[in-house]
Amino acid sequence: MFNGKNKAITFSFDDGTTQDIRLIEIFDKYGLKATFNINSGFFGQGGELCRNDRMVAHKKNAEKDIPLIYKNHEIAVHTLTHRNLTELCEADILYEVLEDYKNLSRIMGYDTVGMAYPCGGVNNDKRVADIIKNNTPIKYARTITSSYSFAPQTNLYQFNPTVYLLETDKMFELAHSFLSLNADSPQIFYIWGHSFEFDAYDLWDKFEEFCALVSRHDDIFYGTNSEILLG
Ligand SMILES: [Zn+2]
């Protein structure tokens, strides 16, 4: 149960780009809660990237702005410099995870025990998950593999999100099923993405429509990843 409710919705956004500020305004307007996964080795770095055949801003928020921007939400580890952990030795995996954990915990003033694996494609495996589980304070780590399911998962170190926001039609379809679900056991709707994708795919309005649709339901608990996965 989540605060006495069987249904919970949570969001997870990666990379800590400046578009998070606009996204958080939407989340706060609708009373939604999210977890933001950040690379502390890249604070303040600027740039653009090409996505969907257009150039979009890909600038990282500055360290000094982090506590204020994310004060209503959870900050979690995304490794120090966004390397693919499956290609690293144990010492390098631990350095990437623990340095980010230490930096983010110091900046936020709480234990940042959540994590999302960096890089696309195959960005996690059992070796990496076991190293993190056995040697770090991290308590859950999210993959990018859509489960299309609301069922709670036992392996929190390779936790699969329900859906990716760029699977937009599927995301709305799942929302309608979730809203009409009469749950007699815990059910989690978990959405992930990057806020710069709203620029690249003109999805700001569509995503706000999604937030309005899923918000303010009495039978749903709205929490950060930690609040929902760790209870
Ligand atoms: Zn990332």
Side-chain angles (χ1 to χ4, degrees), residues 10-24 27 34-52 54-63 65-66 69-70 73-88 92-105 107-108 112-125 128-129 131-132 136 138 140-147 156-167 171 190-201 203 207 224-226 229:
T10 193
F11 297 84
S12 178
F13 279 82
D14 294 358
D15 298 357
T17 60
T18 50
Q19 290 93 340
D20 282 356
I21 296 167
R22 180 171 172 189
L23 173 61
I24 286 170
F27 282 149
T35 294
F36 291 87
N37 308 292
I38 292 185
N39 311 107
S40 54
F42 294 157
F43 284 137
Q45 290 189 14
E48 289 187 312
L49 58 72
C50 182
R51 190 58 67 89
N52 196 28
R54 71 172 80 166
M55 296 306 290
V56 295
H58 193 259
K59 184 169 166 34
K60 306 301 179 96
N61 289 307
E63 176 173 342
D65 299 328
I66 297 290
I69 292 171
Y70 298 101
H73 301 273
E74 177 188 13
I75 287 291
V77 166
H78 199 41
T79 74
L80 187 66
T81 63
H82 211 275
R83 298 176 68 190
N84 188 335
L85 300 183
T86 61
E87 295 167 356
L88 302 184
D92 288 347
I93 292 169
L94 291 176
Y95 179 77
E96 281 287 326
V97 172
L98 289 171
E99 285 303 303
D100 202 35
Y101 163 78
K102 282 187 261 178
N103 290 336
L104 296 175
S105 296
I107 292 164
M108 296 308 290
T112 52
V113 296
M115 175 170 162
Y117 291 102
C119 298
V122 181
N123 66 359
N124 68 99
D125 57 29
V128 173
I131 289 169
I132 292 168
T136 77
I138 298 300
Y140 70 87
R142 194 212 79 222
T143 74
I144 58 167
T145 307
S146 297
S147 68
L156 292 187
Y157 288 87
Q158 285 175 285
F159 183 87
N160 297 322
T162 309
V163 71
Y164 177 31
L165 68 86
L166 288 185
E167 300 171 291
M171 181 176 79
Y190 185 123
I191 302 100
W192 85 281
H194 305 90
S195 59
F196 64 81
E197 289 163 338
F198 298 128
D199 281 348
Y201 294 86
L203 278 174
F207 191 73
T224 63
N225 286 199
S226 277
L229 300 181

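When a ligand or atom number is given, it counts from 1 through the structure's own listing order. By convention here, the first residue in the shown sequence is residue 1. Below, all heavy atoms of this structure are taken into account, side chains as well, without hydrogens, waters or symmetry copies.
- Contact of the T86 side chain with the Y117 side chain is not registered, since no non-hydrogen atoms from C-beta on lie closer than 4.5 Å.
- Here D199 does not pair with R54 in a salt bridge; the nearest charged N to carboxylate O distance is not below 4.0 Å.
- The atom name of the N/O/S atom in H78 closest to the Zn ion (ligand 1) is NE2.
- For residue H194, no N/O/S atom approaches the Zn ion (ligand 1) to within less than 2.8 Å.
- The distance from the Zn ion (ligand 1) to the nearest N/O/S atom of H82 is under 2.8 Å.
- A donor and an acceptor atom, one from each side chain of D15 and H78, are located under 3.5 Å apart.
- When each of T224, N37, T35 is checked for a side chain to side chain donor-acceptor pair (under 3.5 Å) with S12, only N37 meets the rule.
- Here the N, O or S atom of D15 that is nearest to the Zn ion (ligand 1) is OD1.
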